[in-house]
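Computed over heavy atoms, backbone and side chain alike; hydrogens, waters and symmetry mates excluded.
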Amino acid sequence: MGDSYDYIICGGGTSGPVIAGRLSEDSNVRVLILEAGKDSADMTNMHMAGAWTMNHQGETDWNIITPGQEGLHGRTVHVPRGRFLGGSSGCNGTICVRGVRQDYDDWGVPEFSGDEMFRAMRKSETFHPASWFPEDKAAHGTDGPLHITPAPCGPLGELFLKNYQSKGLPYIPDLFSSGEAANGCGHAMRTTWQGTRTTAADFITKDKKRGNVTVRCNVTVDKVILEKGADGLLVAKGVEFLDEKGNKAQALAKKEVVICCGTYCSPAVLNRSGIGAKKELDAVGIETLVDIPGIGKNLSDHQLIFIYYELNRAGLTNDEQVNHDPDAYENGKKEWEEKRSGWLSTFPFGSFAFARLNDRLDAENKEWRDMPREPGRDPMGLTAKQPNLEFFHTICYGGPPEYTDKPKPGQYAFAMCCFLMNIQSRGYVQVKSKDAKETPLVDHKYLSDKRDLLMMSEGVRFANELVMTGEGTKDVVKGAWPPGATHHLNKSNEDWQPFVQKYCSTSYHPVGTCKLGKDSDPTAVVGPTLIVKGCKNLRVADCSVMPTAHSGHTQMPAYGIGELAAEFIIKGK
């Protein structure tokens, strides 16, 4: 038998280190955290926020690719997830968009209400103000391990603030922290400080490193060790894992096992433990100990699209440093190492906006008008308090690795980004075998629900209007990028639909496969305090528990979920 700890945290991504760090504040508690990837302490490409996509492949990624997506004309989608200590908090966009309180109230679980989630997200952060930024002080925390700063949006970002306001989206500077409006523009906070990315690993390293936390990297969790209690419920007693050399090993938990392996891998660990839909477990030869049909179902993600344009003048982007310089990475890295500044020290996004476009579709699109809806909600299930879409832009030509049309000297380009909230399409995650080294099947079923295509296309249409006719950029945009592209001439929702199907992709925000719900909810996997149904001493705590994707980016909810899980454990709930 293996070593014994009070708590075993499976997964060193975002939520796991939060829980481990909070539990370890009690010096009498021993915590083990198991991470499949490597230690991130010396990962320069993690600490430099601008090097984000360099960790989206190889040993620092899970390298999961979806099957061909019918809604995307058969395209497969690479869906990166961080595979190192800190996980996706170390390779994301650093963006802190918390959504609005209604998003969390809609989950129907008081323990995760909007007020509770916003409180928990604040708890994680230390906010560093800037003289130019009028922050909402009530929206921010002051003593958490996660360091957050506002980022100047640059000259192009200032023009976009004019664009947004000229199209009816008022300026509310700290909107994305306070969550006070569904229409508006402002500045998204970043998880960077003094030129360096801050991540969930900071909850258990640096000044938060404690002797009662054992971190083991390069080990893969296979399954939870379960024993049946006198009341018929399964009790988590520890975990089995593959150690650094690939040998099977065990660790025992005196109190709890917490699964924090993420939306793709948490259901896989539960499945290999014998918890899941019996029919699916039978198909891969796993004995079913608890039949929970909802595990691995309800998978959703925000949809994101990059729409590229060319500018007619210099001085609005930093293409000179990023794209015109043949030694851009080497020069940027040198500046970062010497001064913690330069293009690799920040993420290349400018200003942001929320918008509701339901009324536009109601006014112009009969198919949309005829779609069913609940009282007070649009066909996407959202109230007037919740945005349909988020908009932001790059400050140079940039995006995922598949975009390679880099501007040459004398050319300047940027992307307008459109991001769909509360996607209605649902996919699934399913283990392919008993082998813990084999990644699960991940099928998002992107745009399989027509509502997603209609709203995403309306969002792209509005984004194009922002760029081409907005007060800030109408005189500085040459047209679509790359040269010869004509998407800037599209006018109708129908015009934009083929473009959306060709180019939209993941926003790296998978949720839902271990759904949170009340005990009476037959589709739920975990109850109101994240305990797995039919089990004791076993919780799931990561974004897989989110019943629906909120109106924002998932890193702040991941911190909030970790904070609440730690509170539940400490309070014995």
Side-chain angles (χ1 to χ4, degrees), residues 2-26 29-36 85-87 89 111-112 120 124 200-201 203-204 210 212-217 219-226 233-241 250-273 275 290 292 295 513-516 525-546 557-573:
D3 294 335
S4 180
Y5 301 84
D6 294 296
Y7 299 98
I8 299 175
I9 312 295
C10 302
T14 304
S15 300
V18 176
I19 300 168
R22 294 303 188 189
L23 294 178
S24 70
E25 291 172 1
D26 180 349
V29 165
R30 293 186 68 221
V31 181
L32 171 66
I33 186 164
L34 301 172
E35 165 55 38
L85 190 64
S89 72
E111 289 84 350
F112 286 84
S124 278
F203 280 73
I204 54 172
R210 299 185 179 97
N212 58 340
V213 177
T214 299
V215 180
R216 293 193 63 175
C217 294
V219 301
T220 301
V221 175
D222 181 6
K223 64 182 71 173
V224 181
I225 300 169
L226 297 164
L233 297 177
L234 291 174
V235 182
K237 294 293 186 178
V239 297
E240 294 185 5
F241 59 93
Q250 291 186 347
L252 302 181
K254 297 176 184 177
K255 295 184 177 180
E256 286 197 20
V257 173
V258 188
I259 308 297
C260 305
C261 298
T263 295
Y264 300 146
C265 294
S266 284
V269 170
L270 291 175
N271 281 169
R272 291 194 296 270
S273 306
I275 304 172
V290 185
I292 304 180
I295 291 179
T513 54
C514 296
K515 179 187 172 186
L516 165 74
V525 175
V526 298
T529 58
L530 305 179
I531 295 175
V532 177
K533 288 190 170 184
C535 298
K536 288 183 175 180
N537 302 344
L538 178 62
R539 299 183 205 245
V540 178
D542 53 40
C543 287
S544 71
V545 307
M546 296 172 65
Y559 285 106
I561 289 166
E563 294 282 13
L564 290 174
E567 290 177 5
F568 297 151
I569 293 168
I570 291 168
K571 294 175 182 177
K573 291 187 175 181

Tell me every residue that passes side chain to side chain donor-acceptor pair (under 3.5 Å) with T263, counting only those two or more places apart in sequence or in another chain. none

Which residues pass the salt bridge (Lys or Arg N to Asp or Glu O under 4.0 Å) test with D6, not counting sequence neighbours? none

Partners of K536 by salt bridge (Lys or Arg N to Asp or Glu O under 4.0 Å), sequence neighbours excluded? D231

Do T513 side-chain atoms and P267 backbone N/O form a donor-acceptor pair below 3.5 Å? no

Using the test salt bridge (Lys or Arg N to Asp or Glu O under 4.0 Å), find all partners of R216 that sit at least two apart in sequence or belong to another chain. E244

Quick one: list whatever passes side chain to side chain contact (heavy atoms under 4.5 Å, CB included) with V221, sequence neighbours left out. C10, L34, V269

Contacts of Y7 that satisfy ring-ring contact (aromatic ring centres under 6.0 Å, His included) - sequence neighbours left out: none

Return the minimal non-hydrogen interatomic distance between I8 and V239, and the atom names on each side. CG2-CG2, 3.9 Å

Output all residues satisfying side chain to side chain contact (heavy atoms under 4.5 Å, CB included) with A20, sequence neighbours left out; order by chain, then residue number. I9, V31, I33, I204

Show your reasoning for whether side-chain contact (heavy atoms from CB on, under 4.5 Å) applies to I259 and V257. CA-CA 7 Å; I259 308 297; V257 173; 4.0 Å; yes

Across all chains, not counting sequence neighbours, the side chain to side chain donor-acceptor pair (under 3.5 Å) partners of E256 are R539

Going by side chain to side chain donor-acceptor pair (under 3.5 Å), name the residues that satisfy it together with E25, two or more places apart in sequence or in a different chain. R22

N537: partners by side chain to side chain donor-acceptor pair (under 3.5 Å), with sequence neighbours left out: none

Run the side chain to side chain contact (heavy atoms under 4.5 Å, CB included) test against A268 and tell me which residues pass, sequence neighbours left out. R272, V431, P440

With A565 via side chain to side chain contact (heavy atoms under 4.5 Å, CB included) - residues at least two apart: I19, L530, A541

